[in-house]
Amino acid sequence: AMTMAGGARWALILAALVLIRAEQYSQYVDPHIGTGGFGFGVGGDPPGVQYPFGNMRLSPDTSLDDIWLSFQHYGGYHYNDTHIRAFSHTHMVGPGVSDLGNLAIMPTRQAMPEALINHGYKSRFSHANESAAPGLYSVILEDANINASLTTCGSHSGVHQYTPDENTAYSVVVDLKHSLDVGAVINASITVAKSTATTASVTGWLVNKGSLTGRGDGGVKLYFALEAEAESMAVEGVWNSTARHLLPVTTAESDDVGLVFKVSGTTVLYVAISYVSVTQALRNMAVQVNGSRFEVCAQQAQSVWEAELQKAKVDITKASPDDLVMFYTALYHSFLAPTQWSEVDGVYLGMDNQVHTSTKGKRYTDMSIWDIHRSQFPLLVLLQPDVARDVVSSLVGMFQEGGDIPRWPICNVYAGCMIANHGNVLISELIAKNASQGIDIQAAFDGMYLQATDPNRPHIGRSHLKEYIEKGYVPMGLDSQSVSLTLAYAYDDAVLATVADTLGKSQNASYFQDRSLSYRNTWDNDQSYFCPRDVNGSFTCALDPSLHTWVIGERNGFCEGNQAEWRWFVPHDLPGLVKSFRSTEAYVEHLQGFFEATALDTNTDLPNPYYWAGNEPGIMTVYEFLPAQRPDLTQKFVRAIIKQSYNTQPHGIPGNDDYGTLSAWLVFSMLGFYPRAGYSDYFIGTPAFANVSLSLPQSQSTLIVTATNVSDVAFYVSECRMDSKPVDMKTNPYLQHAQLLAGHELHFAMSSNPSF
């Protein structure tokens with residue numbers, strides 16, 4: 001999974017890389033997967049370094065020479081690029097929007113101050129001289145003839161090591177204006193706190209007001225502390241204007257500030273970040289770095305990642321190399337987010353802009369909940385229940401501090417992205433899977449209830465809630481995504497009903513359960529589709545349901561999808577969806593045709609007209625043959641989707657990974673079962689491996705998933721047993737979460753022909 005051309009001059013870095021090769025599963029992680037693609041097929045995952053769920057994501061930001069397209073660089077890096085612009089310390093994970101990319105640092109031999117204009121300090125690089133692995137990144141900067149290596153020491157700290165090929169002076173640029181959303185940094189300050197002939201201490205802050213972070217009051221303030229050391233080191237100058245003239249000062253504040261070091265020999269930079277204060281950044285540095293050298297931090301980071309990856313142990317002697325790389329890279333990507341928001345000693349900046357201390361668990365943020373509720377969060381519940389519990393606790397805390405459960409929190413900001421209140425799904429799922437110990441469920445319900453009943457909530461996810469309550473659907477004309485809103489609200493109502501039932505609130509449970517059937521009000525029986533409906537009740541269905549008109553700004557009732565795709569979105573009532581069709585046979589015929597048409601378009605640059613593996617609304621649809629008693633078709637098309645949409649190349653994720661959502665889909669689909677988000681049951685699919693041992697912390701047990709005769713052609717399940725008990729694959733092809741926790745072996749017998 002790693003490529004690097006080396007030589008004696010890079011012996012130190014290669015020695016560090018040997019650490020990862022000794023590990024069993026980390027060697028199968030290729031962080032370059034998900035860094036390629038074009039248009040809607042861009043994965044957007046940063047290939048740099050971080051701890052699992054770490055706040056600091058220290059990663060290269062690249063460009064194609066001077067060409068930089070925002071939509072290609074949501075994660076900062078694109079595999080097809082030729083130049084590294086800088087290494088920045090904050091990144092989102094596979095998003096569909098630009099933000100962060102703050103606190104840029106870059107070594108260079110370009111002339112100063114000319115190189116400070118338009119990233120003139122950038123450098124060519126080659127993938128032949130680049131390595132990416134969990135906890136360690138290294139690249140030769142060709143224009144500077146310097147090996148730049150990155151590692152991480154904890155959730156909020158990291159280390160740069162720059163090793164020159166020749167012992168002549170070069171510069172190190174610290175650029176506080178750099179960001180992935182151009183112009184997002186609206187103010188910044190930098191101070192050289194201490195400087196000697198071989199060391200320097202720098203502190204500062206910047207205010208980032210990006211596409212999402214700018215939706216709060218004035219943006220988000222990032223503080224940092226930097227400790228630098230080299231054979232020789234001097235501050236070449238500080239700039240404080242867009243002209244970037246270097247001045248002989250030790251501090252500056254403006255909307256464009258930074259500094260340049262002049263150094264020689266190997267340079268090491270220790271960096272810590274905080275969203276609380278410079279003092280807290282220094283505290284994060286003291287605890288997490290604690291005087292450790294680069295190699296010590298790298299080894300520790302690699303060990304931490306190896307332990308996380310060993311939560312799923314595939315028998316590598318019975319698996320193909322490509323399957324191993326796909327699976328473990330997807331598992332790695334699934335554990336990059338959400339972002340740990342609490343810092344050393346548990347302090348964090350709340351949604352009320354006050355500093356709090358988390359005494360129970362960690363505080364998390366950066367959750368694209370519209371995406372992750374479908375697959376990534378259920379994977380956390382299964383393999384990382386402590387993280388999942390802290391995520392839900394964080395949502396409840398955000399409600400208590402800011403007034404609402406967020407749709408998409410980033411830092412301490414209500415970003416308000418996407419539709420509905422799918423935080424409900426996360427809460428319901430944790431309760432349904434009996435993993436909610438320590439959660440204030442009453443407070444969670446209070447937050448869910450307010451957003452489901454009060455149209456005037458300040459951060460409401462349910463636009464046109466009043467009309468939805470009164471008419472049972474969101475009318476066309478009020479919102480261009482009216483059908484998707486209705487379907488999503490109905491789903492949120494269904495899981496809210498289950499939470500109410502848990503609390504013994506039978507009247508609330510009955511009310512929201514009845515409201516969850518509102519999806520029926522947008523079903524046009526004549527067309528057998530969910531269609532926009534006006535205030536008078538008339539339907540307007542698309543002439544061609546497969547058209548993605550939203551791509552050109554004409555949503556026609558749907559959110560990031562089309563009428564063909566949203567036809568299958570009733571996660572809470574799949575039997576009811578089946579009955580909406582003329583017959584079960586008609587349902588199967590239409591669903592099978594949907595997937596057969598999918599295979600005709602293998603391009604990921606634009607949305608697939610049918611099953612779009614690269615975006616979230618329909619990623620569960622392939623499992624919806626099960627309620628119609630056709631598990632064989634789920635097995636057939638799951639394997640076809642994996643083959644068509646995922647691979648070991650940089651474009652090996654079919655779209656924005658969206659905080660691990662697409663990666664987690666692949667993890668579950670290769671294990672052989674898939675969650676129905678918000679509930680305790682799993683669809684049975686088709687396993688890809690002969691033997692996988694899953695460590696399940698919730699029950700402190702190990703579940704072994706075995707599959708005899710599994711191969712590229714033997715993907716049909718002929719028999720399924722949980723321990724010695726057979727699973728009825730025809731009429732009840734599901735598993736319960738409690739079964740997985742209590743079981744010892746989930747066994748599949750595989751065949752090249754369907755058995756059911």
Side-chain angles (χ1 to χ4, degrees), residues 312-315 318-319 323 327 375 378-379 381-383 429 432-434 571 574-575 578 584-585 587-588 591-592 620-642 665 667-677 679-696 698-756:
K313 297 181 179 179
V314 176
D315 184 343
K318 299 177 181 179
D323 280 352
F327 179 81
S375 59
L379 186 63
V381 176
L382 183 66
L383 298 181
E429 172 144 342
K433 292 179 176 176
N434 196 29
L574 292 176
V578 174
T584 300
E585 291 74 20
Y587 172 89
V588 172
L591 188 55
Q592 185 172 0
M620 190 183 80
T621 305
V622 69
Y623 289 93
E624 294 182 27
F625 290 101
L626 270 62
Q629 299 186 9
R630 289 299 305 270
D632 58 308
L633 292 177
T634 282
Q635 294 152 21
K636 172 184 176 180
F637 289 116
V638 164
R639 192 60 68 90
I641 290 166
I642 293 175
W665 182 95
V667 171
F668 273 121
S669 294
M670 295 184 80
L671 288 175
F673 53 93
Y674 189 83
R676 187 166 68 101
Y679 298 93
S680 63
D681 50 318
Y682 297 84
F683 304 93
I684 293 177
T686 174
F689 298 114
N691 187 296
V692 187
S693 295
L694 300 178
S695 175
L696 305 180
Q698 191 179 347
S699 55
Q700 297 183 333
S701 63
T702 299
L703 175 68
I704 301 175
V705 183
T706 59
T708 56
N709 198 41
V710 65
S711 70
D712 288 344
V713 295
F715 51 78
Y716 290 107
V717 177
S718 59
E719 181 185 34
C720 178
R721 290 179 176 270
M722 175 57 77
D723 294 329
S724 60
K725 185 177 180 180
V727 176
D728 186 342
M729 285 297 297
K730 182 68 174 178
T731 64
N732 192 30
Y734 304 93
L735 297 167
Q736 293 296 320
H737 187 71
Q739 287 180 279
L740 300 183
L741 297 182
H744 299 286
E745 182 181 4
L746 173 61
H747 176 70
F748 296 92
M750 309 302 291
S751 171
S752 56
N753 296 299
S755 301
F756 304 100

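Since the structure is predicted, the reported quantities are computational estimates derived from the model, not experimental observations. Computed from heavy atoms alone, side chains included, the values below leave out hydrogens, waters and symmetry copies.
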Is a side-chain donor-acceptor pair under 3.5 Å present for S680 with H737?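 Side-chain D/A pair, H737 to S680: absent.
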State, without any angle test, whether T634 and Y674 hold a side-chain donor-acceptor pair at a distance under 3.5 Å.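 No, no side-chain donor-acceptor contact under 3.5 Å.
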For the rings on Y734 and F673, is their centre-to-centre separation under 6.0 Å?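 No, ring centres 6.0 Å or more apart.
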Working for side chain to side chain contact (heavy atoms under 4.5 Å, CB included), residues H747 and T708: CA-CA 8 Å; H747 176 70; T708 56; 3.3 Å; yes
Say you draw a straight line from [atom1] of [X] to [atom2] of [Y]; how long is it, rounded to the nearest 0.5 Å?
X	Y	atom1	atom2	answer
T686	R639	OG1	CZ	4.0 Å
L382	L703	CG	CG	8.5 Å
S755	Q635	OG	CD	8.0 Å
L740	Q698	CG	CD	10.0 Å

For the pair S699 (side chain) and L741 (backbone), establish whether a donor and an acceptor sit closer than 3.5 Å, ignoring hydrogens and angles.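 Yes, S699 side chain to L741 backbone: donor-acceptor pair under 3.5 Å.
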Backbone N or O of Q629 within a donor-acceptor pair of the K730 side chain at under 3.5 Å?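 Between the backbone of Q629 and the side chain of K730 there is a qualifying donor-acceptor contact (under 3.5 Å).
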Which pair of non-hydrogen atoms, one from [X] and one from [Y], has the smallest distance, and what is that distance?
X	Y	result
N709	M750	ND2-O, 3.2 Å
Y679	A432	C-CB, 4.0 Å
S695	L383	O-CD2, 3.6 Å
M670	F689	CE-CZ, 3.7 Å
P571	R676	O-NH1, 3.0 Å
P378	K433	CB-NZ, 4.2 Å

[Y] side chain reached by [X] side chain, heavy atoms, under 4.5 Å:
X	Y	value
L746	F748	yes
K636	F625	no
V638	I641	no
Q739	Y682	no
V692	L671	yes
L574	Y623	no
I684	V727	yes
L591	T621	yes

Could you walk me through whether V314 and N691 pass the side chain to side chain contact (heavy atoms under 4.5 Å, CB included) test, one step at a time? CA-CA 6 Å; V314 176; N691 187 296; over 6 Å; no
Please indicate whether D712 has more than 12 foreign heavy atoms, meaning atoms of other residues, nucleotides or ligands, lying under 6.0 Å from its CG.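 Atom CG in D712 is not crowded, with 12 or fewer foreign heavy atoms closer than 6.0 Å.
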Between L694 and V705, does the side chain to side chain contact (heavy atoms under 4.5 Å, CB included) criterion hold? Intermediate values first, please. CA-CA 8 Å; L694 300 178; V705 183; 4.1 Å; yes
Can you list, pair by pair, the side-chain donor-acceptor contacts under 3.5 Å of residues 716-723, counting residues two or more places apart and other chains?
from, atom 1, to, atom 2, distance (Å)
S718, OG, A749, O, 3.0
E719, OE2, R721, NE, 2.7
E719, OE2, R721, NH2, 3.2
R721, NH1, S724, O, 2.8
D723, OD1, H744, N, 3.0
D723, OD1, E745, N, 2.8
D723, OD2, H744, N, 3.4

V588 and L633: CA distance, side-chain angles, deciding distance, side chain to side chain contact (heavy atoms under 4.5 Å, CB included) verdict: CA-CA 9 Å; V588 172; L633 292 177; 3.8 Å; yes
Show your working on salt bridge (charged side-chain N to carboxylate O under 4.0 Å, His left out) between D632 and R630 and close with a plain yes or no. CA-CA 5 Å; D632 58 308; R630 289 299 305 270; 2.8 Å; yes
